[in-house]
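The structure under discussion appears below in the form of structure tokens.
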Amino acid sequence: MVISVASGKGGTGKTTIAVNLALSLPSAQLLDCDVEEPNSHIFIKPQITEKVKAFVLVPQIDKEKCNFCGKCAEVCAYKAIAVIKNKDVLVFKELCHSCGACSFFCPQGAIKEVEREIGVIEIGRKNDLEFVGGRLNIGEAISPPLISQVKAHINSGKNVIIDVPPGTSCPVIEAVKGSDFCILVTEPTPFGLNDLALAVEMLRKLKIPFGVIINRSELGDNKVDEFCRQKKLPILMQIPFKKEIAVAYSKGIPLIEGFPEYREKFKILYYKIKELVK
Amino acid sequence: MKQIGIISGKGGTGKTVITAGFASLAKDAVFADCDVDAADLHLLLKPEIIERHKFKSGKVAEIDKKFCQRCGKCLSVCRFSAITEDFVVDPISCEGCCFCSYVCPAGAIRMEEKICGEWFISNTRFGKLIHARLGVAEENSGKLVSLVREKAKQIAEKENCSLIIIDGSPGIGCPVIASLSGLDYAIVVVEPTLSGLHDADRVIKVAKHFGVSVKLIINKFNLNTEVTERIENYCQINNIPIIGKIKFDESVVKAMVEGKTIIEYQDTEAKREVTKIWYRLEEEIT
């Protein structure tokens with residue numbers, strides 16, 4: 001089963017839930033798909049056994065063959081190629097989405113697609129937990145291709161937990177799509193509620209079953225509870241706010257190590273999800 | 001006119017609370033919520049929308065069943081797995097590259113303009129707010145951020161405002177890069193956790209990569225004084241000025257629940273510190 005852990009708002013506890021759920025299950029696999037700001041490794045401290053560079057394809061123009069006809073610029077929907085008539089071709093690699101149209105349509109066969117590095121994928125393990133994490137290079141704008149390359153390492157024989165980036169736009173979609181279930185982590189504050197509602201809308205659009213975890217419960221108001229009740233969303237777990245939990249988090253100590261009573265709670269969480277997916 | 005942006009790398013460190021605090025203290029400023037993906041600033045600033053516009057960006061393919069000959073050309077060229085075996089386009093996966101529409105021998109594929117969200121100009125009790133809502137599961141957040149910033153600039157010029165204050169989004173990808181360009185200062189809000197420092201370091205590198213100078217605020221600094229010290233060392237080594245340290249304060253959540261900025265809420269340590277930070281910052285900017 002593939003379980004992704006998402007939230008509209010950042011900093012609600014996605015990584016906490018993903019890491020502790022993965023650590024509570026026998027021989028699971030954890031994928032850190034928050035490739036812009038990966039944090040799971042801080043808690044897991046995996047032994048990295050392999051580092052793979054991640055690439056996207058971008059056009060390379062053979063200026064000997066190019067006759068500056070302008071076809072490539074015409075078909076590029078992202079304005080990633082500009083042709084100066086009879087003189088030069090400029091490629092703006094950061095704008096390229098690797099669709100391949102330019103090289104396909106070049107009448108001179110002057111365009112070759114070449115690899116451009118955008119990040120790295122780290123593969124390793126901690127005891128019987130498999131770990132795969134992506135890390136986007138500084139200055140790169142587009143993360144979905146890296147996220148999909150991390151997901152290519154999914155071990156479908158295992159329970160796979162995916163740590164998702166915050167928000168509801170393209171990197172999040174790339175990370176959650178294909179999941180059997182998605183956990184939405186929120187906090188009981190107006191910001192938490194607002195962003196939870198957006199995330200719910202997103203998952204409904206993707207038709208992925210989901211449930212809610214309220215982190216730092218008792219800290220704000222009960223509007224998130226009310227929202228879940230009204231919309232009949234299952235509340236899978238509540239983690240009350242405790243300063244000691246926040247301090248353990250700050251040191252990179254997984255919840256189930258600092259507070260062993262949570263190990264059982266994460267196991268129950270898994271069974272609840274299994275029931276809901278059935 | 002000056003522009004400052006509040007960013008953090010990691011989400012949930014206090015960007016919006018601090019931005020709203022600054023908003024209640026700033027004179028002659030325009031505010032831009034550039035967290036278009038999960039905008040929250042409006043929950044504290046309570047905008048009265050005076051203008052509402054559709055954000056059109058990008059395209060999405062649509063296959064006309066009447067003309068489709070099911071030849072499979074479109075399927076073979078699409079790299080985004082956006083066309084099903086039954087020749088239906090999945091609008092969420094479609095990247096709008098138009099490749100399929102070019103190769104379709106029957107001319108059955110039309111590229112439709114996509115409405116990816118909405119953006120607004122609003123009045124608030126502190127000044128004008130430009131904000132937006134990216135449609136759920138949409139793309140082009142960077143373009144929407146750039147649009148929001150462009151409008152904020154136009155309004156600031158028209159109304160003779162000397163400052164634009166930008167609430168950024170978490171991460172280091174396209175919306176953050178779009179929020180950073182041309183800023184006078186990026187204010188990085190960090191919390192004293194290993195994740196917070198790790199993520200702040202990455203976003204600071206992005207800011208430097210694009211030539212933006214950085215100042216730093218440590219929020220909830222007393223949660224872990226050891227990590228706070230590490231952040232202070234990091235700043236010293238990397239020559240980043242720390243412009244304030246805010247105590248962990250439960251009143252921040254209470255103010256939020258009441259829909260108030262911490263400046264409007266009762267007298268607390270967090271309020272006093274944010275006020276101090278603001279006046280120092282303001283003096284330096286102007």
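All chains are named by letter (A, B, ...) in the order of the sequence lines, taking the proteins before the strands, and each is independently numbered beginning at 1.
At a heavy-atom cut-off of under 4.5 Å, chain B is reached by Gly8(A), Lys9(A), Gly10(A), Gly11(A) from residues 5-15 of chain A, listed in order of number. Contacts between residues 96-107 of chain A and chain B, counted as heavy-atom pairs separated by less than 4.5 Å, involve His97(A), Ser98(A), Cys99(A), Gly100(A), Ala101(A), Phe104(A), Phe105(A).
The part of Ile92(B) that comes within reach of chain A is its side chain, from C-beta onward, which places non-hydrogen atoms under 4.5 angstrom from that chain. Residue Val227(B) touches chain A through its side chain alone, counting heavy-atom pairs closer than 4.5 Å. Interface residue Leu194(B): backbone and side-chain heavy atoms are both found under 4.5 Å from chain A. Only the side chain of Ile177(B) comes within contact range of chain A, judged by heavy atoms closer than 4.5 Å.
Counting heavy-atom neighbours within 6.0 Å of Lys205(A) NZ, excluding the residue itself, gives a total above 12.
In terms of modelled atom types and a separation under 3.5 Å, the side chain of Tyr249(A) and the main chain of Thr193(B) share no donor-acceptor contact.
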Candidate pair His42(B) and Asn194(A), rule side-chain contact (heavy atoms from CB on, under 4.5 Å), full reasoning: CA-CA 10 Å; His42(B) 66 278; Asn194(A) 182 67; 3.9 Å; yes
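Between Glu113(A) and Arg79(B) a salt bridge is recorded (basic side-chain N to carboxylate O distance below 4.0 Å). Salt bridge annotation for Lys205(B)-Glu37(A): absent, with no cationic side-chain nitrogen under 4.0 angstrom from a carboxylate oxygen.
Sorted by first and then second residue, the pairs that involve residues 164-173 of chain A and meet side-chain hydrogen bond (donor to acceptor under 3.5 Å, both in side chains), not counting sequence neighbours, are Thr168(A)-Asp37(B), Ser169(A)-Asp37(B).
Checked against salt bridge (Lys or Arg N to Asp or Glu O under 4.0 Å), Glu258(B) has the following partners two or more places apart in sequence or in another chain: Lys260(B).
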